[in-house]
Amino acid sequence: MLRYLIQRLLLAIPVMLGVLLIGFLLMQVVPTDPATVRAGPSATAEVVAEIRRDLGLDQPLTTQFGLYLWRLAQGDLGVSIINNVPVVQELGATIGPTLELMLSSLVWSIPLGILLGTLGAYYRGSLIDRGVMAISVAGVSVPVFFLGLILIWFVGFKWQWLPFTGRGGPLWTLEGLQSIALPAITLGGVFVGPVARMTRTAVLDVLSADHVRTARAKGLSERLVVLRHALRNAMVPVVTLIGLQIGFLLGGAVVTETVFTWPGVGRLAVGAITSSDFPMAQGTIIVLSLGFIIVNLIVDMLYAALDPRMRAA
Amino acid sequence: MTEALLSIEGLRTVFRSGMGEIAAVDGVSLSVPRGRTLGIVGESGCGKSMLSLSVMRLVPPPGRVAAGRVLLEGRDLLTLPKAEMRDVRGREVAMIFQEPMTSLNPVHSIGDQIMEAMRAHEPRAGAAELRDRAIAALARVRIPAPERRFTEYPHQLSGGMRQRVMIAMALACSPKLLIADEPTTALDVTVQAQILDLLRELQSETGMSIILITHDLGVVAEMADEVAVMYAGRVAERGPARAIFEDPQHPYTLGLLGSIPRLDEERETLLAIEGSVPPPFALPPGCRFAPRCPFAISPCNAAPPPLRDIADAHEAACIRAPIEASLALGNAA
C-alpha cells in the first residue's frame with residue numbers, strides 16, 4: 001500500500017514538470033510582450049529594453065525556464081507585472097474561496113448523482129429510471145455558464161432570493177452560505193448528470209453479476225444486496241469518472257467564478273490572461289494543475305481502498 | 001420411500017420474449033427425500049438451473065414462475081411473503097453455484113462474506129461469536145489455516161478453495177437442503193473429486209438433503225440416491241440412481257449413457273445423440289425428444305407423453321417404455 005502511494009507520488013513529478021514546461025511555453029507563444037505591458041503605453045524604447053533586461057527576457061528560453069524553475073523551487077512565483085503584488089500572495093488569497101466552491105459543489109452533487117444512478121439501475125426501465133436518465137442527459141448537455149445565467153436571472157435577479165455576486169464571507173457565516181449557494185448549485189449541477197449516468201451503468205452491470213445472486217441466495221435483504229454488493233462494487237468505475245471529471249470541474253470553476261464574480265483562482269486566471277499578466281497566469285496554471293494531480297492521487301488511493309485486488313498491484 | 005423434504009409439483013417457469021412466452025421449466029414434478037441426494041441431469045439449456053433458481057425464487061427477470069408448487073416440509077415457498085422467503089434462503093435452503101471464480105464478491109473478505117450470511121438470519125449474534133463460527137465453518141470444509149483465510153479476499157484463493165468457501169458460506173446456517181448447481185464443472189478433475197467427497201462427508205455429518213445439478217453423469221453416479229433426467233424443460237425419466245444407470249428406460253437417458261467413454265469396453269466411436277435440443281420457441285407438439293429419437297413412432301408426435309411407472313419408483317415419459325419389451329415385439333425403427 002505504501003509502495004503504491006510512493007509510486008504514484010513519483011509519477012506525479014514528471015507530470016508536474018510537463019505542466020510547468022507547457023505553461024511556460026504557452027506564455028512565450030502569446031504575441032504580447034510582457035515588457036511592453038509593464039512599461040505602459042507611453043514608455044520609450046530604452047525603458048522597455050531596460051525592463052526586458054530586468055525581467056530576464058533577453059536571455060535564451062532555456063535559461064529563462066531554468067531560472068523560472070529555480071525561483072519556483074524557492075517558492076518564488078514572481079510578481080504581477082500589472083500591480084507588483086507577489087503572485088504567491090494573490091494565489092494564497094484566492095485558493096481558499098476556490099476550494100470552498102469546489103467542496104460545496106461536490107458535497108451535494110456526488111451523493112445525489114450516486115443516489116439517482118442507483119435508483120435508475122435498480123428500477124431499470126421504470127418511470128424512475130427514465131426520469132433519472134432525463135435529468136442526467138439534461139445535466140450533461142447544459143453548459144455551466146448557461147445554468148449560471150439562468151439561476152442569476154431568476155433566483156438572483158427576478159425573485160431576489162439569493163445574492164449572485166461576490167463572496168459574502170467565510171462558509172460558516174450566513175452571508176457566506178447565501179453567497180455560495182448559487183455558484184455551488186451551478187458548478188455542482190453539471191456534475192450530477194455524468195455521475196448519475198456512470199453509477200447507473202456500473203450498478204446495472206454489477207446487479208447481474210454472479211456474486212449478487214449469491215448474496216440474494218444467502219437471504220440478504222435487498223437493501224444490503226444493493227448497498228454492500230452492488231453499489232460497493234460499482235464504486236470503482238464511478239470514482240474513476242469523478243477523477244476524470246475533476247478536470248472539467250476546474251474548467252467549470254473558472255467559468256462559474258467569472259459569472260458570479262467569485263474571488264477564486266479561476267477568476268484570477270481569467271483576469272491575468274486577459275491583461276497579459278504572465279507571472280500571475282503561470283501561477284494560476286500551476287495551482288489548477290496541482291489540484292488536478294492531487295485529486296487523481298486521491299482517486300488512486302481510493303481504488304486501493306475500494307478494491308483489494310488493486311492493493312497487490 | 002423416505003419422507004420428502006422438498007416436493008416440486010407441476011412447476012412451470014416462463015420467460016417473456018419477443019416470440020411470446022417461453023417455458024424454461026414446463027410442468028416439472030420432483031421430490032427430494034430427507035438426508036438424500038437428488039441428481040438432476042441434462043444438457044445445457046434443459047432448464048435444470050432455472051428449476052433450481054425457481055425453488056429459491058431467484059429467477060432473473062423477465063423470467064417468472066407461472067405455475068406449480070414448491071413444498072418445503074409442506075410449506076409452499078412460492079406463496080410465502082417476500083420477507084419470509086428471504087429467511088428461507090440461506091437458513092433452510094442454501095445454494096452453491098457453478099462459478100466459484102465469480103460467485104464470491106471480490107471486494108469483501110472471505111470472513112465478512114461468511115459472517116454476513118450468518119448475520120442475515122441471526123441479527124443478534126455478537127461479532128466475536130460470528131467470527132469464531134465463521135472460522136469454524138472454514139475449518140469444517142477442510143480449509144487449512146482458517147484464521148488466515150478468514151481475512152483474505154477471493155482473488156487470493158484457488159478455484160477449489162473458493163468453492164469450499166462457497167460451501168462453508170452455504171452451510172453457515174445449517175440448511176436442510178443444499179442446492180448445488182454444477183458445483184464442480186469449473187474445477188480440475190482432482191479438485192472435483194475432493195469437493196464431491198467433501199459434500200458427501202458434510203451430508204453425513206449434518207443429515208441435509210442435496211439437489212445436485214449437473215450435466216456430468218459420472219458425478220451423478222457417484223453422488224446421487226435419486227436421479228431425474230431432464231430434457232427441454234421436462235422430466236424425461238426419474239427413479240433411484242441404480243435403476244437409471246442399470247436399466248434406463250427413456251431413449252434420451254439411453255443416449256446419454258451411450259455417450260460416456262468407458263474403459264471397460266472397446267468401442268471405436270462414442271454414440272452420440274443425433275440432432276440437437278429443439279429451441280424453446282419451436283418445440284415439437286408431442287414428445288420433445290421424438291425428432292431425435294431412434295425409437296420414435298407416429299403416436300410420439302401426437303401428444304407429450306406423461307411420466308409412467310416402469311418399476312418401483314421408476315418412471316419414464318416415453319410411450320415406448322419399457323424399451324426392451326418394445327424391441328422384443330420387433331417394431332423398432
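These numbers come from a predicted model, not from an experiment.
Counting heavy-atom pairs closer than 4.5 Å to chain A, the top-ranked of the candidates B/V93, B/I96, B/L53, B/V107 is B/V107. Your options are A/R216, A/K218, A/E222, and the one with the most heavy-atom pairs under 4.5 Å with chain B is A/K218. Ranked by heavy-atom pairs under 4.5 Å with chain A, the list B/S103, B/P175, B/G90 is led by B/S103.
Under a 4.0 Å N-O distance rule, the pair B/R142/B/E205 qualifies as a salt bridge. Between B/E84 and B/R89, no side-chain nitrogen of the basic residue sits less than 4.0 Å from a carboxylate oxygen of the acidic one, so the salt-bridge criterion is not met.
Rounding to the nearest 0.5 angstrom, the gap separating the NE2 atom in B/H155 from the CG atom in A/D307 is 8.0 Å.
A/L224 does not touch chain B: none of its heavy atoms, backbone or side chain, sits under 4.5 Å away. With a threshold of 4.5 angstrom between heavy atoms, B/M169 approaches chain A through side-chain atoms but not through N, CA, C or O. Contact annotation for B/D87: neither backbone nor side-chain heavy atoms come within less than 4.5 Å of a heavy atom of chain A. At a 4.5 Å heavy-atom cutoff, the contact between B/P106 and chain A is made by backbone and side-chain atoms alike. For B/L58, the part lying under 4.5 angstrom from a heavy atom of chain A is the side chain only. Residue B/M101 does not touch chain A at all, counting heavy-atom pairs closer than 4.5 Å. Using a 4.5 Å cut-off between heavy atoms, A/S221 contacts chain B through both its backbone and its side chain. The parts of A/A217 that come within reach of chain B are both its backbone and its side chain, each placing non-hydrogen atoms under 4.5 angstrom from that chain.
B/F97 carries A/R213 over the face of its six-membered ring, with the cationic atom under 6.0 Å from the centre and within 45° of the normal.
Within the 4.5 Å cutoff, the side chain of B/L198 has heavy atoms near those of the B/R164 side chain.
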Derivation and outcome, side-chain hydrogen bond (donor to acceptor under 3.5 Å, both in side chains), residues B/H215 and B/E43: CA-CA 6 Å; B/H215 65 271; B/E43 292 167 77; over 6 Å; no
Please assess B/V141 against B/L202 for the test side chain to side chain contact (heavy atoms under 4.5 Å, CB included), listing each intermediate value before the final yes or no. CA-CA 8 Å; B/V141 294; B/L202 291 170; 4.1 Å; yes
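Residues B/S54 and B/T13 have side chains that bring a donor and an acceptor to within less than 3.5 angstrom of each other.
For the pair B/N105 and A/R228, the tightest heavy-atom approach, listed with the atom from each and the gap, is ND2-O, 4.0 Å.
Aromatic rings of A/H211 and B/H108 (six-membered ring for Trp) have centroids beyond the 6.0 Å cut-off, not under it.
Within 6.0 Å of CZ on A/R197 lie no more than 12 heavy atoms contributed by other residues, nucleotides or ligands.
Contact annotation for residues 109-127 of chain B against chain A (heavy-atom separation below 4.5 Å, listed by residue number): B/D112, B/Q113, B/E116, B/A117, B/A120, B/H121.
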